[in-house]
Student: 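One structure, as structure tokens, below. Some questions next.
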Amino acid sequence: MYSAKVISLQLKEVERKNSPCFSTGPVGEDLYHWEAIITGPKGSPYENGVFKLDIHFPLDYPFAPPRVTFKTKVYHPNVNTYGNIFLKMIYVEDRVAFETTALAWMVEHAGGA
């Protein structure tokens, strides 16, 4: 299957790069189901947070996008309460209030300090 070949190549690339900002890979032997851990970017309300994600690749990948869900609760205008990510950008009117709430959620749910 073409999708399995593409996913395998991308897995090798991720393993080769070995990023300090994230880790990811298949769940057990299932090439179409991955887990990822990302750290919050410096200078953001998510700094020092550790966020877990669940990634499901469709059989027609890369012609259809993977479904990515936050397993760690996160306050973000593009993530709903179930952890689903929305690509449509949402304008944040009160930036200070947003960052304050995002930081509080990060400390509570993502282990940041």
Student: L9, I55: one ILVMFWY side-chain cluster at the under-4.5 Å cut-off?
Tutor: no
Student: Roughly how far, to the nearest 0.5 Å, is CD1 of I85 from NE2 of H76?
Tutor: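 Those atoms lie 9.0 Å apart.
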Student: Measuring from atom NZ of K5 to atom CG of L31, what distance do you get when rounded to the nearest 0.5 angstrom?
Tutor: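 Between K5 NZ and L31 CG, I get 13.5 Å after rounding to 0.5 Å.
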Student: If you look at every heavy atom in H109 and T72, which pair is closest and at what distance?
Tutor: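 Heavy atoms of H109 and T72 come nearest at O-CG2, 3.3 Å.
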Student: Kindly indicate whether the side chain of M1, heavy atoms from C-beta on, has any atom under 4.5 Å from the side chain of Y32.
Tutor: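 Result yes, sub-4.5 Å side-chain heavy-atom pair found.
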Student: Does a side-chain heavy-atom distance below 4.5 Å link H33 with D54?
Tutor: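 Counting from C-beta outward, H33 and D54 do come under 4.5 Å.
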Student: Are F86 and Y82 grouped together when hydrophobic residues (ILVMFWY) are joined by side-chain heavy atoms under 4.5 angstrom apart?
Tutor: no
Student: Looking at every heavy atom in both P41 and S44, which two are closest together, and how far apart are they?
Tutor: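 Heavy atoms of P41 and S44 come nearest at O-OG, 2.7 Å.
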Student: Write down the atom of A36, the atom of T24, and the distance for their closest heavy-atom approach.
Tutor: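 Looking at all heavy atoms of both residues, the closest pair is CB-OG1, 3.6 Å.
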Student: Is K12 salt-bridged to E15, cutoff N-O under 4.0 Å?
Tutor: no
Student: Side chains of W34 and I7: closer than 4.5 Å at any heavy-atom pair?
Tutor: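 Of all side-chain heavy-atom pairs linking I7 with W34, at least one is under 4.5 Å.
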Student: Spell out, yes or no, whether Y46 and V107 are grouped together once hydrophobic residues are joined by side-chain heavy atoms under 4.5 Å, including indirect joins.
Tutor: yes
Student: Using the six-membered ring wherever Trp is involved, compare the ring planes of F51 and F70 and label them parallel, tilted or perpendicular (cut-offs 30° and 60°).
Tutor: perpendicular
Student: For F22, run the side chain to side chain contact (heavy atoms under 4.5 Å, CB included) check against I37, T39, I38 and tell me which one passes.
Tutor: I38
Student: Can you find a heavy atom in the side chain of F57 that is under 4.5 Å from one in the side chain of S3?
Tutor: no
Student: Report the distance from atom CZ of R16 to atom CG of L11, rounding to the nearest 0.5 Å.
Tutor: 12.5 Å
Student: What are the two closest non-hydrogen atoms of P58 and A64, and how far apart are they?
Tutor: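 Scanning both residues, the minimum pair turns out to be CG-O, 3.6 Å.
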Student: Given the rule that I, L, V, M, F, W and Y join up when any side-chain heavy atoms are under 4.5 Å apart, are V27 and Y61 in one cluster?
Tutor: no
